[in-house]
There are 2 protein chains.
Amino acid sequence: MPDRARRIPEATVARLPVYLRSLAELLDEKESTVSSERLAEMAGVNAAKVRKDLSYLGSYGTRGVGYDVEYLLFQMSRELGLTHDWPVVIMGAGNLGQALANYGGFTERGFPVAALIDADPDKVGRQYHGVQVHHVDELPRLAEEKGIAIGIIATPASAAQAVADQLLEAGIRSILNFAPAVITVPPEASLRKVDLALELQILSFYQQHAPDPAR
Amino acid sequence: MPDRARRIPEATVARLPVYLRSLAELLDEKESTVSSERLAEMAGVNAAKVRKDLSYLGSYGTRGVGYDVEYLLFQMSRELGLTHDWPVVIMGAGNLGQALANYGGFTERGFPVAALIDADPDKVGRQYHGVQVHHVDELPRLAEEKGIAIGIIATPASAAQAVADQLLEAGIRSILNFAPAVITVPPEASLRKVDLALELQILSFYQQHAPDPAR
DNA sequence: TAGTGTGAATTTCTTCACAGCG
DNA sequence: CGCTGTGAAGAAATTCACACTA
């Protein structure tokens, strides 16, 4: 266990990718250094938080100057494990699964879609955006062969837990769940969820409780 | 300002939709009451949290018995502002915008897609899944006429802030941002974000730091 | 001198534990 | 007696404020 002295708080981990994106922009603009203040503005947080967050990675700044963009970008990529690609598998070749396979953003950011999986024999063998649809039974083999470490659940809610179990069974312990269902995984696995309707419902709450109930 | 005595904490608001979904399931199964323990299990949290969260809505439980499923469902819907539909507009009729328009889950949960908006004249006038594409200039009129209160940003990152400003300009103060960019809105507006690649990067971090670095 | 790094203070969120009620 | 509702304790996250140094 890497129980390192300075474990990085969850809230910080969730912000690192935002900083990373900001740094990539700065590199594009040929900026060689950046202050916590500037980075905070770009990331939409405050400067104290940036400094605290970055301090968990190590002392990579220079007092009176700021942070070296390229060096910080490298250190952060390393910490996030983004120095190599992570092939992903998408479970469910329905509307959402197809859309995700079709979405270039994953591959572009180092998460190539290695396979789509569906239980429907009619879909198996097809291709979407160059990604082959396989049967569930192939999952363990594919996971092994293609070194898949992350599974994306894009099935109906009713199938989500079973599909999560199949992923775990195949040795895939990082799961991103798009199905509107609560799924549980053992503590050694990681689970993130994206629930579109839920986000809208949260907005609805604040809309409902807005000072001036516009409309 | 509704500075009511018991403001509901943000963390609680974010969980209410999960409880709501669980309650809907229970209603389906003809369960008339539910304990905090059972609800906690369904929502993937612990019972103390459920009770604390529900207590912000009022004292809707019965000691020794639990919560009346139907009554709690109603009170929660009301609090979340889900007793009526909230028409939404999707900004950007590209891959993602089309996929979202095509995704039935929104309408089904009370967020009908009233319009797609795109700047590209070639796309204006088309329909996707029965949703008409309009030009940006039409936004203020559409917002007014259709009572749109929520805007979904599905444009490239480079356009996201400008599009957010257009939404605010049109009186739409609740925004769900899918573009991989930080956008800022005035304090009276609400903003939620969904960033797919970011979620994968967070998973990558934990994968990287996993006890047994499977693969 | 400008801007980092970080203890300390503050706020927010979670969990505990039990009084109190149906 | 069982389960809610909630003060109080505890943990996590945020913000403050300033010593320190390149």
Side-chain angles (χ1 to χ4, degrees), chain A residues 3-19 22-23 26 31-73 75-76 79 187 202 205-206, chain B residues 3-19 22-23 26 31-73 75-76 79 187 202 205-206:
Chain A
D3 213 303
R4 52 166 57 195
R6 29 181 218 357
R7 263 213 79 270
I8 303 184
E10 257 185 69
T12 294
V13 172
R15 281 188 296 269
L16 294 181
V18 182
Y19 301 141
S22 305
L23 289 168
L26 289 164
E31 299 283 341
S32 63
T33 62
V34 65
S35 66
S36 59
E37 187 126 21
R38 174 99 172 81
L39 198 48
E41 191 205 317
M42 295 181 76
V45 300
N46 69 41
K49 201 181 272 177
V50 169
R51 291 201 298 278
K52 179 72 77 171
D53 284 343
L54 296 186
S55 77
Y56 290 113
L57 303 181
S59 287
Y60 295 145
T62 306
R63 289 164 201 246
V65 178
Y67 302 88
D68 182 279
V69 172
E70 200 166 351
Y71 184 59
L72 184 56
L73 186 64
Q75 291 298 342
M76 201 175 291
E79 194 71 31
I202 294 171
F205 174 90
Y206 288 109
Chain B
D3 215 307
R4 50 166 57 194
R6 32 184 216 352
R7 261 212 80 271
I8 304 184
E10 257 185 68
T12 294
V13 172
R15 281 188 295 267
L16 293 182
V18 182
Y19 301 141
S22 306
L23 289 168
L26 289 165
E31 300 283 342
S32 62
T33 61
V34 64
S35 65
S36 59
E37 186 126 22
R38 175 98 171 81
L39 198 48
E41 191 205 318
M42 294 180 76
V45 300
N46 69 41
K49 202 182 272 176
V50 169
R51 291 202 298 277
K52 176 73 74 172
D53 284 343
L54 296 186
S55 76
Y56 290 113
L57 303 181
S59 288
Y60 295 143
T62 306
R63 288 162 200 248
V65 177
Y67 303 87
D68 183 278
V69 172
E70 201 167 351
Y71 184 59
L72 185 56
L73 187 63
Q75 291 297 342
M76 200 176 290
E79 194 70 31
I202 294 171
F205 174 89
Y206 289 109

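Chain identifiers are assigned alphabetically (A, B, ...) following the order of the sequence lines, protein sequences preceding nucleic acid strands; residue numbering begins at 1 within each chain.
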Engineer: Can you sort out the partners of A/S22 under side-chain contact (heavy atoms from CB on, under 4.5 Å), two or more places apart, ordered by chain and number?
Structural biologist: A/L39, A/M42, A/A43
Engineer: Expressed in angstrom and rounded to an integer, what is the separation of A/D68 atom CG from D/dA22 atom P?
Structural biologist: 16 Å
Engineer: Mind calculating the distance between CG (B/L57) and P (D/dG5) to the nearest angstrom?
Structural biologist: 10 Å
Engineer: Output the rounded distance in Å from CZ (A/R7) to P (D/dA12).
Structural biologist: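 To the nearest whole Å, that distance equals 10 Å.
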Engineer: Can you run down the salt bridge (charged side-chain N to carboxylate O under 4.0 Å, His left out) pairs that involve residues 55-72 of chain A, sequence neighbours left out, and say none if there aren't any?
Structural biologist: none
Engineer: Assign B/R15 to base, sugar-phosphate, or nothing according to its heavy-atom contacts below 4.0 angstrom with the strands shown.
Structural biologist: sugar-phosphate
Engineer: For A/E10, what residues pass the side chain to side chain donor-acceptor pair (under 3.5 Å) criterion, not counting sequence neighbours?
Structural biologist: none
Engineer: Under the side chain to side chain donor-acceptor pair (under 3.5 Å) rule, collect the residues that match up with B/R38, sequence neighbours excluded.
Structural biologist: none
Engineer: Is the shortest side-chain heavy-atom distance between B/L57 and B/L16 below 4.5 Å?
Structural biologist: yes
Engineer: How long is the line joining NZ of B/K49 and P of D/dG5, in whole Å?
Structural biologist: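 Distance check: B/K49 NZ to D/dG5 P gives 18 Å.
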Engineer: Going by salt bridge (charged side-chain N to carboxylate O under 4.0 Å, His left out), name the residues that satisfy it together with A/R51, two or more places apart in sequence or in a different chain.
Structural biologist: none
Engineer: Quick one, give me the B/S/- string for nucleotides 1-8 of chain C, reading 5' to 3', where B means a protein heavy atom under 4.0 Å from the base and S means that only happens at the primed atoms, P, OP1 or OP2.
Structural biologist: -BBBBBBB
